[in-house]
There are 2 protein chains.
Amino acid sequence: MRPKLTLKQIARELDVSISTVSKALKDSPEIGEDTKQKIKAFAKLYNYKPNNIALSLKNRKTKTIGIIIPEIVHYFFTTVISGVEQVANEKGYNVIVCLSNNSFDREVLNLDLLANGSTDGFILSLAKETMQKEDYHHLTEVINQGMPVVLFDRVVDEVHCDKVIIDDIIGAKKAVEHLIETGCKKIGILTTVDYVSVGKLRTRGYIEALEENDYPVDEDLILKIEDMENSEKEIGEFLKTRDVDGLFAVNEQFAVSAIGALRRQGRNVPEDVSVVGFTDGELSKNFIPSLTTVSQHGTRMGAEAAHLLIDKLERKPDEVESYKTVIVETSLVRRESTKN
Amino acid sequence: MRPKLTLKQIARELDVSISTVSKALKDSPEIGEDTKQKIKAFAKLYNYKPNNIALSLKNRKTKTIGIIIPEIVHYFFTTVISGVEQVANEKGYNVIVCLSNNSFDREVLNLDLLANGSTDGFILSLAKETMQKEDYHHLTEVINQGMPVVLFDRVVDEVHCDKVIIDDIIGAKKAVEHLIETGCKKIGILTTVDYVSVGKLRTRGYIEALEENDYPVDEDLILKIEDMENSEKEIGEFLKTRDVDGLFAVNEQFAVSAIGALRRQGRNVPEDVSVVGFTDGELSKNFIPSLTTVSQHGTRMGAEAAHLLIDKLERKPDEVESYKTVIVETSLVRRESTKN
DNA sequence: TTGTACGCGTTATCAT
DNA sequence: ATGATAACGCGTACAA
């Protein structure tokens, strides 16, 4: 076992000073050609690589980006990570991923941890619990210390920073309009409780689309699901007594649960009921029937977030402070779960 | 904007020396009670947190674990990450995730990068390209420098380190035996080309199960898929001319593709053909029919890997070197895609 | 009880 | 052309 090589060791080995080695490796003109060659050869031979930690300490930047997300076993978030990673790598940044598990405490913990020197900035989607508590002091604090933060997907007005969101309302409208265009008359929605901002917005889009098309808004066709664990059962119960011919689900999970329930009740998709989901994941693509969905373009969101963050990081601190909100467009992907 | 607080600033502010502050904050008995209180109060007020980078440099350890995986948009890998993260956090470790995108170069790049001070050790699953090239010098080098590495899932004998794998052969046998028990007579397999070790092993399990039950092994019922992009088409073609009543797919994707193809050909699952998959993901659970699969317990694998790594990290370097291979048991999850 | 000095690995500035 | 020194932020052995 041969431990990592440092400048000091090279210097001792070659009987020169540390700074000579440093300069030689950086091809400084100050150093004589012959010693330069000698040092370079030695370094290459023993595969010298500068220590990132020492560089970070010296430069006061780490060239790494911290991502904190509520959960990782979730298609959408993985696509976002993937997008961030791509851009980050291009620009020479590293990515640290931490999970909040939707817990406020873990979000604070991870943020604090990474904020103490480990990262130059954050890309973050709020934990569910954080949004319930409406406590964002950990974020404002980090921002106050001069670390750039980019919020995505689950964002909140109270935190002043760059944001990347999708046009939830417009996306939802696209979905519902598609149902209307393909002939649905009674359109229901499977959504989440209102404190989940995306649920709320998508519900708003649903209502707006109905209103704009002179469809009545029937509260009885709106199911707000609190408990993800029991969503399947709840959806089954709901559908049993609802005579809908169109259904908009605010996520993939709800959509497939609905299709399963409908089928068990002898109703066919899309013949009897058309279903549109939100989030375009593996499930949507491979389900039978494959799901018509509003695609969120997570990769693009991640890429946007990374760009925003890196822009901030590489801008001089004295430049004017301003926060952008980038809206990534959704698009409707038509598949088999709706007619036509 | 108030920049991060350092010991130096506290010292200056309170007109004491840096080390006094340091000691006071660590509750050292050397420091007088009153100054200690004063310093602590100040630190708490302005929310002092020590800089991790400086600590890493000093202690020559980072308390972070690097995970390098081939892709993140993949249910299995996310469960592994989740498992690693849980254990790591319990033990006070951080997790950095990097992606190789199945590229050898990116794997080497990320490994080198993280190896230079950013992490104390690695948990890694080999990129497909790396296994094709059979070039593992980057790993052996890192190991030689004294950094512990734990390989999981896609492992290889050539690299000497701890490993976490599943009993692919036994898992595959469980799947095939289940098909046999439920009355299947002609059992096919949808697998990958042999250089993907898991594909190879699962194929072996399939063959062993058949042989042990005195079923003939018919090469014509074995489909080795190279190109994941076109797997759907390939599987359709294959099934068109194969009169099987049981099918073992080495992953979720192949399983659902097969079911889709069968259905299009007018064959029902499980009435005409029973299908068993491998890897228990969202798709398996939610598909209709839901998939009988061999569950890989990714979370447990991640947890095991993290334990192995942290054990190595916290052991004294002079202790005997030995490498363990932990085999995480698979289990068959019976659902609707097989009979009974 | 408090402060000084040193080292972690690196680079930049200033001497020689 | 080469080397010594300081600094990044922290902890600690040792000196005062």
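A note on names: the letters A, B, ... follow the listed sequences, proteins ahead of strands, and every chain is numbered from 1. All values below were derived from every heavy atom in this structure, side-chain atoms included, with hydrogens, water molecules and symmetry-related copies excluded.
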- Item | Residue closer to the 5' end of DNA chain C, L5(A) versus P29(B) (nearest nucleotide) | P29(B)
- To the nearest angstrom, how far is I31(B) atom CD1 from dT12(D) atom P? 13 Å
- Residues passing the side-chain contact (heavy atoms from CB on, under 4.5 Å) test with A127(B), sequence neighbours excluded, are S100(B), N102(B), E107(B), T130(B)
- Item | Start and end of chain A contact along DNA chain C [non-hydrogen atoms, under 4.0 Å] | dC8(C) to dC14(C)
- E33(B) and Q37(B): side chain donor to acceptor below 3.5 Å: yes
- Task: Give the angle between the helix axes at the two ends of the helix from dT1(C)-dA16(D) to dT16(C)-dA1(D), taking five base pairs at each end and rounding to 10°.
- Result: 70°
Side-chain atoms of residues 19-26 of chain A: list all donor-acceptor pairs with protein atoms under 3.5 Å, sequence neighbours left out, distances to 0.1 Å.
| from | atom 1 | to | atom 2 | distance (Å) |
| --- | --- | --- | --- | --- |
| S19(A) | OG | S17(A) | OG | 3.2 |
| T20(A) | OG1 | S17(A) | OG | 2.9 |
| K23(A) | NZ | E30(A) | OE1 | 3.3 |

- ring-ring contact (aromatic ring centres under 6.0 Å, His included) partners of H307(B), counting only residues at least two apart: none
- Message: In this structure, how many angstroms lie between the P atom of dT12(D) and the CD1 atom of I18(B), rounded?
- Response: 15 Å
- Quick one: side-chain hydrogen bond (donor to acceptor under 3.5 Å, both in side chains) pairs with a partner in residues 82-94 of chain B, sequence neighbours left out? R106(A)-E85(B), Y93(B)-E314(B)
- Query: For K26(A) and dT2(D), what is the distance between atoms NZ and P respectively, to the nearest whole Å?
  - Reply: 19 Å
- Within residues 48-62 of chain B, find the residues that approach DNA chain C with a heavy atom at under 4.0 Å, and present them sorted by residue number. L57(B), K58(B), R60(B)
Side-chain polar contacts of residues 63-75 of chain A - donor-acceptor pairs under 3.5 angstrom, sequence neighbours left out - could you list them?
| from | atom 1 | to | atom 2 | distance (Å) |
| --- | --- | --- | --- | --- |
| T64(A) | OG1 | S118(A) | O | 3.0 |
| H74(A) | ND1 | F76(A) | N | 3.4 |

Any N/O pairs under 3.5 Å between the protein and nucleotides 13-16 of chain D? List them or say none.
| from | atom 1 | to | atom 2 | distance (Å) |
| --- | --- | --- | --- | --- |
| dA13(D) | N6 | K23(B) | NZ | 3.4 |

- Query: Think S17(A) has a side-chain N or O under 4.0 angstrom from the OP1 or OP2 of dG3(D)?
  - Reply: yes
- Message: On a heavy-atom basis, which atom in L126(A) and which in L124(A) lie closest, and how many Å separate them?
- Response: CD2-CD2, 3.6 Å
- Heavy-atom closest contact (F122(A) atom, A115(A) atom, distance): CZ-N, 3.7 Å
- Message: What is the distance, to the nearest angstrom, from the CG atom on L14(A) to the P atom on dT2(D)?
- Response: 12 Å
- Considering residues at least two apart in sequence or located in another chain, which fulfil the salt bridge (charged side-chain N to carboxylate O under 4.0 Å, His left out) criterion with K49(B)? D112(A)
- D157(B) atom CG: more than 12 heavy-atom contacts under 6.0 Å: no
- So with a 6.0 Å cut-off around NZ of K61(B), is the heavy-atom count from everything else above 12? no
- Presence of T20(A) side-chain N/O under 4.0 Å of dG3(D) phosphate oxygens OP1/OP2: yes
- Task: With sequence neighbours left out, write down each residue that passes side-chain contact (heavy atoms from CB on, under 4.5 Å) with N144(A), or none if nothing qualifies.
- Result: none
- Query: To the nearest Å, how far apart are R12(B) CZ and dG9(D) C1'?
  - Reply: 13 Å
- Contacts satisfying ring pair (Phe, Tyr, Trp, His ring centres under 6.0 Å) that involve residues 33-63 of chain B (not counting sequence neighbours) are F42(B)-Y46(B)
